[in-house]
Amino acid sequence: MTSIEIPFNKPYLTGRETQYIIEAVNSGKLSGNGLFTQKCQRFLENRYGFRKALLTTSCTDALEMAAMLANIQPGDEVIVPSYTFVSTALPFIRQGATVVFADSSASQPHLDVRLLESLITPRTKAIVPVHYAGIACDMDKLMRLAEKYNLLVIEDAAQAIESFYKGRALGSIGHLATFSFHETKNIIAGEGGLLAINDERFLHRSEIIWEKGTNRSEFFRGEVNKYGWVDVGSSFLPSEVISAFLYAQLENLEQIQNRRMDLWSYYYEALRPLAEKGHFQLPLIPDYASNNAHMLYLVCNSLDDRNQLIATLKEQGILAVFHYLSLHKSDYYNEKHDGRTLLHADRYSNCLVRLPLFYELTYQAIDQIVNVLYTLYAYPRHAKAIYYNH
Ligand SMILES: *Cc1c(COP(=O)(O)O)cnc(C)c1O
């Protein structure tokens, strides 16, 4: 069998993206908040029960909107996991806040909810849980703490589209939530994002911040007869070209998700015997959480193990990657950090590896990847009959 090169990711086009872009171009309205933007927003509100959905040019932008809406100020503290992408913390830093980094838990890269209470001070304003790999944080515990201390919860649901906590859509539970449609996520627009607003206190102001600090959205709806500068804000709207692309993806959301789930399960079953032998850990999905097949990650037993695994896969033309250097140790923040050691965040930084997972990945390719792991760990693979006709 000849082996093929396997990339880490490949953006998938469902077919109608360019058609809808042409429709947007022909409509003569290319700027933001047009027909495709509104179609996407209605779709997401209806499917997930958000009070309001506003498309943005990225999840980073949506988090910036959230930080402005939360009125984060110098002197405020915001609790963020250390094991996450820069964008989870950056918007709060830009507002002048101190970010207090939380450790991951022993069993999951997610922030350890049991440690949260010890990080809350009178200055704490918000908690930003990350639903890592699209797997929910323990939201009941988190929301209870937020209520007790009067804190805002901003869900970083960048990876968490079509994933649920006890049957409730992620992004519909916190006061605010953000999603990403970056090309590495399940549903894509190249670059793109979403702010979900669930707390009615933020409904009005969110539109103003979205529209450069003006009340233009009200003007468009005929609610006021002129519009002007009324608040802070920025230009957070994507153009209709991006929204048109995104709408084609959303129309095929179930097809995309079904395929990813099949691939994820196939991988998981194939790798389980190696995990049971202790060569690495597979993702844990608690009873309260669902899986959206955003990511297939392994946690190796050491940094050396992970380096060897990535190098061995690379020799076979397979691109596996690691991510997230703990933010509390970053060049930018390490001087500002309060000095606590965050053992588990560091462990995931050193030991976690992501295997290729994308819509057009084949079962044969997964077999090729899995076989490299069986060979590396010198463990015979008793492969079940594989049905390649999917
Ligand atoms: C991808 C990602 C982001 C950033 O999303 P962009 O749309 O690229 O700005 C933020 N947080 C997490 C957890 C992510 O995975």
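As a basis for the values below, the full set of heavy atoms in this structure was taken, side chains included, without hydrogen atoms, waters or symmetry mates. Every number for a ligand or one of its atoms is a count from 1 in the order of the listing.
The side chain to side chain donor-acceptor pair (under 3.5 Å) test with Gln257 singles out one residue from Asn186, Asp262, Asn292, and that residue is Asn186.
A side-chain donor-acceptor contact under 3.5 Å links Gln249 and Glu17. Tyr348 and Gln108 share no donor-acceptor pair across their side chains, judged by distance under 3.5 Å alone.
Scanning the protein for heavy atoms near atom 11 (N) of ligand 1, the closest one is Asp156 OD2, 2.8 Å. In terms of protein heavy atoms, atom 2 (C) of ligand 1 is closest to Lys185 NZ, 3.1 Å. The single protein non-hydrogen atom nearest to atom 15 (O) of ligand 1 is Gln159 NE2, 2.8 Å, given as residue, atom name and distance. Atom 7 (O) of ligand 1 has its closest protein heavy atom at Ser180 OG, 2.7 Å. Of the protein's non-hydrogen atoms, Ala158 CB, 3.4 Å is the one closest to atom 12 (C) of ligand 1.
In Phe8, the CZ atom is crowded: over 12 heavy atoms of neighbouring residues, nucleotides or ligands sit closer than 6.0 Å.
Remark: distances from the non-hydrogen atoms of Phe179 to ligand 1 are all 4.0 Å or more. By the 4.0 Å heavy-atom criterion, Ala62 is excluded from the residues contacting ligand 1.
Between Thr60 and ligand 1, at least one pair of N/O atoms sits closer than 3.5 Å. Taking distance alone, with nitrogen or oxygen atoms compared against 3.5 Å, Cys59 approaches ligand 1 more closely than that limit.
Against a heavy-atom cut-off of under 4.0 Å, Ser58 is close to the following atoms of ligand 1: 7 (O), 9 (O). Close approach of ligand 1 to Gly192 (heavy-atom distance below 4.0 Å) involves ligand atoms 7 (O). Close approach to Val130 involves these atoms of ligand 1, each under 4.0 Å from a residue heavy atom: 13 (C).
In this structure, Lys336 is positioned above the aromatic face of Tyr332, its NZ or CZ under 6.0 Å from the six-membered ring centre and within 45° of the axis. For the pair Arg354 and Tyr297, the cation does not sit on the ring face, since its NZ or CZ is not both under 6.0 Å from the ring centre and inside 45° of the axis.
Residue contacts with ligand 1 for Tyr83 are absent, since no atom lies close enough (heavy atoms, distance under 4.0 Å).
Between Tyr132 and His110, the angle of the ring planes goes over 60°, which puts this pair in the perpendicular group of the 30/60° scheme.
Panel note: side chain Ser243, backbone Glu240; no donor-acceptor pair is recorded below 3.5 Å. Of the possible donor and acceptor atoms, one in the side chain of Arg306 sits under 3.5 Å from a partner among the backbone N and O of Asn350.
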